[in-house]
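Note sheet for the following structure.
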Amino acid sequence: MSHFNWSSVLGIFLHLIFNGGVHAEFYSSADAMQDLVQVEREILNATRSYLEEQQKQLDFYRKFLEQIKEEHDWVVEQTDLNEYLGHPLHAFRLIKRLVQDWDELVFDPIVSNAPREELREFVDSVVNELGYPNPSELHGAVKGIARLQKVYNLTTTDVADGLIDGVLYDSELSWRECYEIGVVLFDLGEYQRSLEWLQVAFVILRANPGQEENENFYLSDIKEYAALANLELGNSERSERLLNQILEKEPTNTSHLTRKYIEARKPGKSSEVNNPSWYANYTRLCQGKKLPEESTGRPLSCYLDGRTNPYFVLAPLQVEPVHLDPDINVYHRMLSQQQINSIFEEADKLTMYRSAVAGNAGKSTVADLRVSQQTWLNYTSPIMKSISRIIQFVSGFDIAGAEFMQVANYGVGGQYEPHPDYFEFNLPQQFQGDRISTSMFYLSNVEQGGYTVFTKLNVFLPPIQGAMVMWHNLHRSLDVDARTLHAGCPVLVGSKRIGNIWMHSGFQEFRRPCNLTSDSYKSAAYRN
Ligand SMILES: *[C@@H]1O[C@H](CO)[C@@H](O)[C@H](O)[C@H]1NC(C)=O
Ligand SMILES: *[C@@H]1O[C@H](CO)[C@@H](O)[C@H](O)[C@H]1NC(C)=O
Ligand SMILES: *[C@@H]1O[C@H](CO)[C@@H](O)[C@H](O)[C@H]1NC(C)=O
Ligand SMILES: *[C@@H]1O[C@H](CO)[C@@H](O)[C@H](O)[C@H]1NC(C)=O
Ligand SMILES: *[C@@H]1O[C@H](CO)[C@@H](O)[C@H](O)[C@H]1NC(C)=O
Ligand SMILES: *[C@@H]1O[C@H](CO)[C@@H](O)[C@H](O)[C@H]1NC(C)=O
């Protein structure tokens, strides 16, 4: 196999990584990841065909050489070379081979290497069609893992063993993968986490001696990264100790340069991370744990509502109130599997975009804050027409004030940090009034994680396919209700799909009359 020109195959892939790929941001969406599975399948298939083709060609060359060698062996047995060449056919064959055969059968095909060109073209076409991830995608995926560890308090050893929140998945990481995660985290400036991954890589590598050719080199390399990470974390002594260990073994190695660098550099500050004030509530709720809180009186219980609208007399709404004032209700079994499939069919017709977060002056920015892909569906298709009916019946609001339904898909570590849904300032021109209500449909179950949490209200909601959550973002006075701050927790395992419909207050004067005296006085007290 060593005959193959691996560097040229590698070249094709490097070319792809740096130039190819019309899409970006695969990691943020489980749907986009499916394209990557397809890309890899195609590349795998094409590369196998390429190798088979090359193998055939090599067999052919070998046979050609064998034949000529046989002839030469035979010549050697002859006592008189002149007599042999005196035979006109022998002379003809020798000259023909040299003039024609070597070039045509061997040198030309080796130089032009048609299968390699075919592979290159094929792979290019696949990439143009389906896209290809770039190095920032890798960073994104690693960040996703680090984020999951932080939110769900997962130890690095557990994750490396494929143990995610108590469930063991058949996906242990190799020392090299742990090492690569450690290096990416180092590059991202996440030194503490980087150190943990480097440690796991070191332990795995050392526990399996003889598996890796350059074992000692890699062990030293890991230590060197660990020394640098410790330096950044302000642990100069540990950094020094690690470096000395390397230098004792390899006194002439590049680590001397690292030492110089370390000596010249002031140690970084200890990495006391300042989490935002909501962080403690957020992580706890994401983990499905209630916050300690005084009892608020009677527990809420589910009920059937057949009165809200005649539409629901035969199939009453299954309402689960999860919070009172502000009211948050979960309506179970609002959508059937078939209806959900129809929504996906509509969404598939459109391109998914990396979700942006509403920024200043109506400009949107793609931020780590929100990691998902999304698209918007209007209410013209049959399925969206029936959704708009449901929404109007349940909310009592007029669909004329609704934005299109936003369909979002969250992938590895996909999340949305705490945010309110109202704009408050910088209302987009095309809508009248602020977002008075949010209706969030869960379009998938999520294997682990992906809860919706209200960090100020001590509420967490696991996504349940077909259910819809609804709440009001504004008080009756139309002042914003800051208590509705909520978040989408990162997806631990699985894929999360939701559909959001935001109603605006502009068209709802007659549906939910303002009450200037009602609960509006509360808004000041709850604002931060
Ligand atoms: C793989 O390649 C073969 C031809 O080499 C083709 O028949 C087959 O359909 C390909 N499979 C996929 C999944 O592309
Ligand atoms: C995280 O898990 C460790 C045990 O693995 C535990 O000691 C620690 O208290 C947990 N931290 C939080 C914030 O839950
Ligand atoms: C450092 O040491 C490793 C073996 O431990 C060796 O492979 C590498 O080439 C050395 N580097 C230099 C610059 O001497
Ligand atoms: C955390 O949740 C409690 C309710 O359990 C709430 O009183 C508190 O304000 C919340 N803290 C923040 C910073 O949101
Ligand atoms: C609604 O969306 C479809 C594509 O899904 C588009 O073809 C149609 O023009 C849109 N209609 C309106 C009124 O925006
Ligand atoms: C406005 O709210 C107050 C306090 O909740 C209530 O007493 C009053 O009846 C409400 N007025 C209207 C018109 O709904």
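In listed order, ligands and their atoms are each counted from 1. Please read these numbers as outputs of a predicted model, since none were measured by experiment.
Between the side chains of T438 and N500, no donor N or O sits under 3.5 Å from an acceptor N or O. N275 and Y282 form no side-chain donor-acceptor contact under 3.5 Å, judged by distance and modelled atom types alone.
Every atom of ligand 5 with a heavy atom of N378 under 4.0 Å away is listed here by number and element: 1 (C), 2 (O), 3 (C), 8 (C), 10 (C), 11 (N), 12 (C), 14 (O). The ligand atoms of ligand 4 that sit less than 4.0 angstrom from a heavy atom of N281 are 1 (C), 2 (O), 3 (C), 8 (C), 10 (C), 11 (N), 12 (C), 14 (O). With ligand atoms numbered from 1 in the order given, ligand 4 contributes 13 (C) to contacts under 4.0 Å with heavy atoms of S277.
Between the side chain of R497 and the backbone N or O of Y410, no donor-acceptor pair lies under 3.5 Å. Here the side chain of R435 pairs no donor or acceptor atom with the backbone of W502 at under 3.5 angstrom.
Pairing each heavy atom of A227 with each of L242, the nearest pair is N-CD1, 3.7 Å.
No close placement of the W471 and H323 rings is indicated, their centers lying 6.0 Å or farther apart.
In terms of N/O distances under 3.5 Å, ligand 4 is not approached by W278.
Atom CD of Q430 is surrounded by more than 12 heavy atoms from other residues, nucleotides or ligands within 6.0 Å.
If you look at ligand 2, the protein residues with a non-hydrogen atom under 4.0 Å away are N153.
Taking the six-membered ring where tryptophan is involved, the planes of F431 and H504 are essentially parallel, since the angle between them stays under 30° and well short of 60°.
With a heavy-atom cut-off of 4.0 Å, T455 touches ligand 4 through its backbone alone.
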